[in-house]
Amino acid sequence: MKKIIANKALVLNVISMTIFIVIISFTFRSNPISTVLPTHDSSMFLYFGRGIHNGMIPYVNMYDHKGSVLFYVNSLAYLFGQGYAQFLLWIIEVLFLTTTVILLYKILNYLLKNSYLVCLTIWLSLGLFIELFAGGNFSEEYALPFILVALYGLIKYLNDDLENHRKLSLFLVGFSGSVVLFIRANMIAIWCIFGLVLLINLLTSKNRRGSDLLIPILGGLFGICLFTLIAFMSSSTSEMIQQVFIANIKYADSTLLDKRVATQYFIDFLIKYGLIALVISGIVVKISRYTECSYVNKWHIFF
């Protein structure tokens, strides 16, 4: 009986998440029924992708401060699209979105241990996804799966006692960081938090070793070497460093007023999308745990 209930829950969750993915995927400007032109950033990535397909070299024949991962992803649409590049780009975007939702589901399910609460939490983020993806083919869209891979790897490392599992998790934390670095360099700030968490865990746990800090570094270096090798093979290494790192730092530079405006924007954004979802999710989690507790422990769940 329990197996039947579990299977039914799994089917309902899959259907729910599929609908979630379909709704967001049709907000992408690359979707088959869209007649809307791509946004500024998206059009640049498409231009680079088409340029690569026509034999042009990123950073040598085309200038941009974004990472090469974006351009090669877009080039796949032209390489295999055969006149249907926009449709194939949409398929690629749907694959990235599906990966993001699956990872988000796994992380939340690992923490909450309740698939229905997980689905509710993800559905509450629908507006957030649509707003952040802003028509699709954005750097955030492609970086998010790798950010979640690192987050999932870190959570597994902190809670898994198996040596081989810990090593793989730490390697993925570092490697995914290198991929994000070559998507958009200023998006790897969250890895500073990951590193701090690892350091604190290393100092406070008896069963951790110093090599636990070395493994993610090796994972990151592996990815950096891989992308640098690709640039070296196309004789664009110095141009890539100049545009992706040096120019990107200058591009991201801002005044105190700019920082204040950006901070206000994120506060307003949190109130609009994040805070309400967080409060609703928190209430539902509390109620769920309350109903699962014994009568004696019920009143403690709210404190």
Side-chain angles (χ1 to χ4, degrees), residues 17-104 126 129-149 176 178-185 187 223 226-237 239-240 243-244 247-248 251:
M17 292 297 93
T18 301
I19 295 172
F20 180 85
I21 291 169
V22 169
I23 291 174
I24 296 177
S25 69
F26 275 93
T27 68
F28 296 156
R29 298 190 179 197
S30 59
N31 81 75
I33 61 175
S34 174
T35 58
V36 184
L37 292 174
T39 58
H40 176 269
D41 281 7
S42 177
S43 63
M44 292 297 296
F45 304 154
L46 287 166
Y47 169 73
F48 266 65
R50 187 172 184 176
I52 292 172
H53 179 63
N54 292 329
M56 299 175 72
I57 301 174
Y59 310 118
V60 175
N61 306 123
M62 302 172 287
Y63 184 94
D64 199 280
H65 64 90
K66 298 294 197 312
S68 56
V69 173
L70 295 167
F71 311 139
Y72 286 112
V73 167
N74 277 260
S75 70
L76 291 176
Y78 288 98
L79 180 62
F80 300 107
Q82 298 180 352
Y84 299 95
Q86 178 171 309
F87 175 73
L88 187 57
L89 176 63
W90 181 66
I91 296 297
I92 293 171
E93 288 187 82
V94 170
L95 291 175
F96 270 86
L97 173 61
T98 302
T99 304
T100 295
V101 172
I102 290 173
L103 286 168
L104 188 59
L126 178 64
F129 271 93
I130 294 173
E131 180 80 14
L132 288 178
F133 286 175
N137 202 27
F138 263 30
S139 53
E140 290 81 359
E141 176 188 353
Y142 299 116
L144 193 52
F146 297 100
I147 294 173
L148 291 176
V149 164
S176 58
S178 68
V179 177
V180 172
L181 179 67
F182 284 91
I183 292 177
R184 187 172 175 178
M187 292 178 64
L226 180 63
F227 291 112
T228 304
L229 178 62
I230 294 173
F232 178 79
M233 292 173 64
S234 60
S235 301
S236 60
T237 308
E239 290 85 354
M240 179 195 70
Q243 294 172 43
V244 174
N248 198 41
Y251 174 82

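Computed over heavy atoms, backbone and side chain alike; hydrogens, waters and symmetry mates excluded. The residues of the chain are indexed from 1 along the displayed sequence.
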Asker: Kindly compute the distance separating CG (Leu37) from OG (Ser43), expressed to the nearest 0.5 Å.
Answerer: 9.0 Å
Asker: Does Ser25 reach the main-chain N or O of Val94 with its side chain, forming a donor-acceptor pair under 3.5 Å?
Answerer: no
Asker: Check for a donor-acceptor pair, side chain of Asn31 on one end and backbone N or O of Thr27 on the other, with a separation under 3.5 Å.
Answerer: no
Asker: Would one find more than 12 heavy atoms of other residues, nucleotides or ligands at under 6.0 Å from atom OH of Tyr72?
Answerer: yes
Asker: Does any part of the side chain of Pro58, heavy atoms only, come nearer than 4.5 Å to the side chain of Ile52, both counted from C-beta?
Answerer: yes
Asker: In Å and rounded to the nearest 0.5 Å, what is the CG to CG distance from Leu89 to Leu46?
Answerer: 5.5 Å
Asker: Could you measure the distance from the CD1 atom of Ile23 to the CD1 atom of Ile130? Nearest 0.5 Å is fine.
Answerer: 7.5 Å
Asker: Could you go through the side-chain contact (heavy atoms from CB on, under 4.5 Å) check for Glu141 and Phe28 one step at a time?
Answerer: CA-CA 11 Å; Glu141 176 188 353; Phe28 296 156; 3.8 Å; yes
Asker: Could you measure the distance from the CD1 atom of Ile230 to the CE atom of Met240? Nearest 0.5 Å is fine.
Answerer: 9.5 Å
Asker: Walk me through whether Met187 and Glu140 qualify under side-chain contact (heavy atoms from CB on, under 4.5 Å).
Answerer: CA-CA 8 Å; Met187 292 178 64; Glu140 290 81 359; 4.0 Å; yes
Asker: Roughly how far apart are Leu97 CG and Phe20 CZ, rounded to 0.5 Å?
Answerer: 7.5 Å
Asker: Could you measure the distance from the CG atom of Leu103 to the OG1 atom of Thr98? Nearest 0.5 Å is fine.
Answerer: 11.0 Å
Asker: Would you say Arg29 and Thr39 make side-chain contact, with heavy atoms under 4.5 Å?
Answerer: yes
Asker: Using the ring of each side chain (for Trp, its six-membered ring), is Phe129 parallel, tilted or perpendicular to Phe133, with breaks at 30° and 60°?
Answerer: perpendicular
Asker: Side-chain contact, heavy-atom cut-off 4.5 Å: Val180 with Tyr142?
Answerer: no
Asker: Which atom names give the shortest non-hydrogen contact between Thr100 and Pro145, and what distance separates them?
Answerer: OG1-CG, 3.2 Å
Asker: For Tyr78 and Asn54, does a side-chain donor sit closer than 3.5 Å to a side-chain acceptor?
Answerer: no
Asker: Would you please test Leu181 and Phe227 for side-chain contact (heavy atoms from CB on, under 4.5 Å) and show each step?
Answerer: CA-CA 10 Å; Leu181 179 67; Phe227 291 112; over 6 Å; no
Asker: Is the centre of the Phe26 ring less than 6.0 Å from the centre of the Trp90 ring?
Answerer: yes
Asker: Could you check if a side-chain atom of Leu126 sits within less than 4.5 angstrom of a side-chain atom of Ile24, using non-hydrogen atoms only?
Answerer: yes
Asker: Could you check if a side-chain atom of Asn74 sits within less than 4.5 angstrom of a side-chain atom of Arg50, using non-hydrogen atoms only?
Answerer: no
Asker: In sequence, state the C-alpha distance, the side-chain angles, and the governing distance for Ser68 and Tyr59, and then conclude on side-chain contact (heavy atoms from CB on, under 4.5 Å).
Answerer: CA-CA 9 Å; Ser68 56; Tyr59 310 118; 3.7 Å; yes
Asker: Distance alone, cut at 3.5 Å: any donor-acceptor contact between the side chains of Ser30 and Glu93?
Answerer: yes
Asker: So does Leu95 get a backbone contact from the side chain of Thr99, meaning a donor-acceptor N/O pair under 3.5 Å?
Answerer: yes
Asker: Could you pull out the closest heavy-atom pair between Ser236 and Val60, with the gap in Å?
Answerer: CB-CG2, 3.5 Å
Asker: For the residue pair Phe48 and Met56, establish whether any side-chain heavy-atom pair is separated by less than 4.5 Å.
Answerer: no
Asker: Is Leu70 close to Ser139 at the side-chain level, that is, under 4.5 Å between some pair of heavy atoms?
Answerer: yes
Asker: Where is the tightest heavy-atom contact between His53 and Leu79, given as atom of each residue plus distance?
Answerer: ND1-CA, 3.7 Å
